[in-house]
2 protein chains.
Amino acid sequence: MLDRDTGLDIAARLFWERGYEGTSTADLTKAMGINPPTLYSTFGSKEELYRQALDFSIARESGCRGEILASALPAYEALGRYLYNIADGDTQPDKPAGCMVSTAVLQHAEENASVARMTAALREASMQVLKARFDRAVSEGELPAGTDTDTLARFYGAIIQGMSAQACDGACNALLKRLIDVALTAWPGKRTTVTGSLD
Amino acid sequence: MLDRDTGLDIAARLFWERGYEGTSTADLTKAMGINPPTLYSTFGSKEELYRQALDFSIARESGCRGEILASALPAYEALGRYLYNIADGDTQPDKPAGCMVSTAVLQHAEENASVARMTAALREASMQVLKARFDRAVSEGELPAGTDTDTLARFYGAIIQGMSAQACDGACNALLKRLIDVALTAWPGKRTTVTGSLD
DNA sequence: CAATTAAAATAGTGATCGCTATATTAAGGG
DNA sequence: CCCTTAATATAGCGATCACTATTTTAATTG
């Protein structure tokens, strides 16, 4: 059989493109070049393979994003770079469009509820990372005391999810970044990017 | 057999909750209380039924939203009411969470590409409606001349898609509206909602 | 080389997929 | 009432679903 990480790479790509429900075990075994029993002895089940493929893909595709937020950059700068990095991830030339996690398993059959909870938890964790960075910004005086960092994190989380959806629909990298530039004007204390008189 | 609109109502609800790929024809016939041949003689196919269910549901769930934008309200006011209306639609107590269109069929099997194009076209049309309102705002002097109305429409489109995703994950109405309030601060010419000194 | 163990392929499990041919029932007209 | 027509229900089409029992191959041992 092929290398385990190679198998996860192939599986992740299929799940990324077609989603959990849109990918069959026959698709997976065929793409991996293995037989069904090998898939089940190696990965356990379709759901367990999805879980492992998510972990694998997150580590490779967005593993470095945490460092952007953890860096010494000012919060606003870090956020901008973070979002631009996601936009790049959503529009990689030789990879499926959008994010594998942001817009995955939103609508689903009842039997896949546990898979949906899994992706929802990943999204929630991602927003908590953003919130933690914003909390730090408050404590460091970069954001006003009393800022609703939870809402701010969910706002930029919505932008991330919207970017993934639009990337799935064919949006290009430049479009997503223009969109980010608008979103960044909502940063507390920033003026809008549109030049001209403010009323 | 049951009334045609009643059938579409039941089908729309199932598709809304489970998505296109997560809903089987057996689910549909059982919920409608009809036999498979009746479904096919009445609606043609699963895909055609989905199309009709989308039309039916859009007309009923969001038919009045166009009027908000078409009204004489200032663009910023209209946008706020429009988004709040969507947030209400995303969190109706006795209906599936999220929007039936905004986050539908993003990832999909190859065989369902035509269904994905259908929902993508609906999303694109929805953003064009927003853009048209923003263009009107420019012509009426509510937005600065030269405003990138297309990007602004896609920005609020991303918010709409992000709200649907978060509603699917269990977000409540109030959370979505706080999120909208942040998004509205990106309106060109508006200051941020957070009080305090601007640098 | 023969025996044992481990890996892999074949073949197939019952269930369900979208969809339809055929049979049954019900309704209308003489 | 009988005959025709239309609507409905039953049953089942081939294909595919996630998943495995069994067999075959290959590698490792004495």
Side-chain angles (χ1 to χ4, degrees), chain A residues 1-54 56 104-105 107-119, chain B residues 1-8 10-56 104-105 107-119:
Chain A
M1 179 214 165
L2 76 175
D3 179 59
R4 180 193 183 85
D5 279 5
T6 308
L8 285 180
D9 182 34
I10 294 170
R13 193 186 175 86
L14 274 183
F15 280 130
W16 188 355
E17 175 134 41
R18 309 178 187 179
Y20 180 77
E21 290 181 335
T23 309
S24 71
T25 56
D27 292 336
L28 292 161
T29 53
K30 184 181 176 185
M32 293 193 208
I34 62 175
N35 303 110
T38 305
L39 186 148
Y40 285 89
S41 68
T42 307
F43 302 107
S45 68
K46 184 190 176 186
E47 178 170 348
E48 189 55 33
L49 171 56
Y50 185 57
R51 189 185 308 268
Q52 294 176 39
L54 281 171
F56 178 85
V105 204
Q107 294 172 322
H108 55 87
E110 291 178 2
E111 62 199 72
N112 297 318
S114 64
V115 179
R117 278 193 295 270
M118 184 164 82
T119 53
Chain B
M1 179 214 163
L2 77 175
D3 180 58
R4 182 194 182 84
D5 279 5
T6 307
L8 284 179
I10 294 170
R13 194 187 174 88
L14 275 183
F15 280 129
W16 187 355
E17 175 133 43
R18 310 180 186 179
Y20 181 77
E21 290 181 336
T23 308
S24 72
T25 56
D27 293 335
L28 293 161
T29 53
K30 184 180 175 185
M32 294 192 208
I34 61 175
N35 304 109
T38 304
L39 186 149
Y40 286 90
S41 68
T42 307
F43 302 108
S45 67
K46 184 190 176 186
E47 178 171 349
E48 188 56 32
L49 172 56
Y50 185 57
R51 189 187 307 268
Q52 295 176 38
L54 280 171
D55 287 346
F56 178 84
V105 205
Q107 295 172 321
H108 55 86
E110 292 177 1
E111 63 200 56
N112 296 319
S114 64
V115 179
R117 278 192 295 271
M118 184 165 81
T119 53

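Each chain gets a letter, A, B and so on, in the order the sequences are listed, and its residues count up from 1.
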N/O (side chain, A:Tyr40) to phosphate O (OP1/OP2, D:dT20) under 4.0 Å: no
Separation of B:Glu111 CD from B:Glu21 CD (nearest 0.5 Å): 7.0 Å
Among C:dA21, C:dG18, D:dA18, the one nearest A:Thr25 by side-chain distance: D:dA18
Gap between atoms CG and P, on B:Leu28 and C:dC19 respectively (whole Å): 11 Å
Length of the CG-C1' vector between B:Leu39 and C:dT20, whole Å: 12 Å
Sugar-phosphate only, base, or nothing, as touched by A:Thr23 at under 4.0 Å among non-hydrogen atoms: sugar-phosphate
Criterion side chain to side chain donor-acceptor pair (under 3.5 Å) on A:Thr6 and A:Asp9, from CA distance to verdict: CA-CA 5 Å; A:Thr6 308; A:Asp9 182 34; over 6 Å; no
Distance in angstrom units between A:Tyr50 OH and D:dA18 C1', rounded: 17 Å
Rounded interatomic separation in angstrom, taking CZ from A:Phe15 and P from D:dA18: 9 Å
Heavy-atom closest pair, residues A:Gly22 and B:Ala109: O-CB, 3.4 Å
Heavy-atom closest contact (A:Gln107 atom, B:Trp16 atom, distance): NE2-O, 2.8 Å
Whole-Å distance separating the CD atom of B:Glu110 from the P atom of D:dT16: 13 Å
Rounded distance (Å) that lies between atom C1' of C:dT16 and atom CZ of B:Arg18: 14 Å
Plane angle bin for B:Phe15 and B:Tyr50 - parallel if under 30°, tilted between 30 and 60°, otherwise perpendicular: perpendicular
B:Ser24 vs C:dC17: side-chain N/O to OP1/OP2 distance below 4.0 Å: yes
Between P of C:dG18 and CG of B:Asn35, the distance in whole Å: 16 Å
d(CG, B:Asn112; P, C:dC17) in whole Å: 14 Å
Nearest-nucleotide comparison on DNA chain D, the residue closer to the 5′ end among B:Gly33 and B:Glu111: B:Gly33
Nearest-nucleotide 5' precedence on DNA chain D, A:Ala26 against A:Pro36: A:Ala26
